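First comes the structure, then the notes that go with it.
In this text the structure is predicted, and so the values were computed from the model without any measurement.
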Amino acid sequence: PLFSIVWEILVRGLSNLKPEMFVKQVIDFGFANAIVGTLTMVTIGSLFSIPLGVMTGIFLSEFGGNSKFASVVRFVTTILAGVPSIVVGVFAYGVFVATTKQFSAVAGGFALGVIMLPVIALTTEEVLKLVPNSLRLASAALGGNRFQTTFKVVLAAGLPGITTATLLAIARASGETAPLIFTALFSNFWALPNKPTASLPVLIYTFYQDDRPEIFQLVWTASIVLVGLIILLNLLSRIITSKKLK
């Protein structure tokens, strides 16, 4: 299926992929503002989901143990990971758009952050559990307290795995469409973060039934860019993991 998808979008869109598309906005048959919008919203989501997700994973692995509170946090995080993205979009709409009366990249970034958060938290917990207990004991034998052992030894050992989890969460968020329809909407022009903002997934969704040949080709070329971005993020995660194993 992967090779079929890649082959189909390359056959349909590669011939019309031009360098100027990367600097023109959608109204001029380009997707520069959609790329920037996607990166902006993923960055906004990462700013709060990565620190919170990593800290949650550290708590569950190193401090929570089998306590009732840790079990509740773990259960809630697992449920959050399974919540459909369109429900997250409705939630973000209620929190930001209904309150501010404005679709924006900030609202879209918040929705993507909620989607990324449980992936990062649960994976961080599993990665830290794989760190050999002998490292913790060695740190304690050298006089390190629990916080020093956790943040200077355990976290350092698990950092490649956490980085991989973060990149995979970003890759997933980059392709989400439903939450952005409810929060960031779309724009054919360059936009500030507090205004409706274009993104590659919503561009594809918005124009896939357009009869104009230029717009139809724009959908396929945007698909190439989006799939290429996701493949790149997955390759980076593999490279980081393989270097750690070596």
Contacts of Ile231 meeting side chain to side chain contact (heavy atoms under 4.5 Å, CB included) (sequence neighbours excluded), chain-then-number -> Val6, Val227, Leu235
Residues at least two apart in sequence or cross-chain that pass side chain to side chain contact (heavy atoms under 4.5 Å, CB included) with Ser85, listed by chain then number, are Ile115, Glu176, Ala178, Pro179
| query | Looking only at atom types and distance, does a side-chain atom of Ser237 sit under 3.5 Å from a main-chain N or O of Asn234, one as donor and one as acceptor? | reply | yes
Report task. For the pair Asp28 (side chain) and Gly30 (backbone), establish whether a donor and an acceptor sit closer than 3.5 Å, ignoring hydrogens and angles. Result -> no
Heavy atoms, side chains only, cut-off 4.5 Å: are [X] and [Y] in contact?
X	Y	value
Thr123	Ile162	no
Phe63	Arg146	yes
Val106	Phe96	yes

Would you say the rings of Phe186 and Phe207 are close, in the sense that their centroids are separated by under 6.0 Å?
yes
Could you tell me if the ring centre of Phe91 sits under 6.0 Å from that of Phe110?
yes
Cluster membership besides Leu192, Ile/Leu/Val/Met/Phe/Trp/Tyr side chains within less than 4.5 angstrom, sorted by chain and number, is none
Sorted by chain and number, sequence neighbours left out, side chain to side chain donor-acceptor pair (under 3.5 Å) with Arg12 holds for Glu8
Could you pull out every donor-acceptor pair under 3.5 Å between side chains of residues 17-24 and any protein atom, sequence neighbours left out?
none

Look at the aromatic rings of Trp220 and Phe216 and report parallel, tilted or perpendicular, splitting at 30° and 60°.
perpendicular
*Relative to the ring of Phe103, is the ring of Tyr93 parallel (under 30°), tilted (30 to 60°) or perpendicular (over 60°)?*
tilted
Residues Ala111 and Thr183: closest non-hydrogen pair is CB-CG2, 4.3 Å
Shortest non-hydrogen pair, Ala105 vs Thr197, comes out as CB-OG1, 3.4 Å
Counting only pairs under 3.5 Å, give me each side-chain donor-acceptor contact of residues 33-59, with atom names and distances, residues two or more places apart or in other chains.
| from | atom 1 | to | atom 2 | distance (Å) |
| --- | --- | --- | --- | --- |
| Asn33 | OD1 | Val26 | N | 3.1 |
| Asn33 | ND2 | Ser187 | O | 3.3 |
| Asn33 | ND2 | Phe189 | O | 3.1 |
| Thr38 | OG1 | Ala34 | O | 2.9 |
| Thr38 | OG1 | Leu200 | N | 3.0 |
| Thr40 | OG1 | Val36 | O | 2.7 |
| Thr43 | OG1 | Leu39 | O | 2.7 |
| Ser46 | OG | Val42 | O | 2.7 |
| Ser49 | OG | Gly45 | O | 2.7 |
| Thr56 | OG1 | Leu52 | O | 2.7 |

Would Arg136 and Glu62 count as a salt bridge (charged side-chain N to carboxylate O under 4.0 Å, His left out) if you check the C-alpha gap in whole Å, the side-chain angles of each, and the deciding distance to 0.1 Å? CA-CA 10 Å; Arg136 298 177 176 86; Glu62 305 299 315; 2.8 Å; yes
- Atom NZ of Lys152 with >12 non-hydrogen neighbours under 6.0 angstrom: no
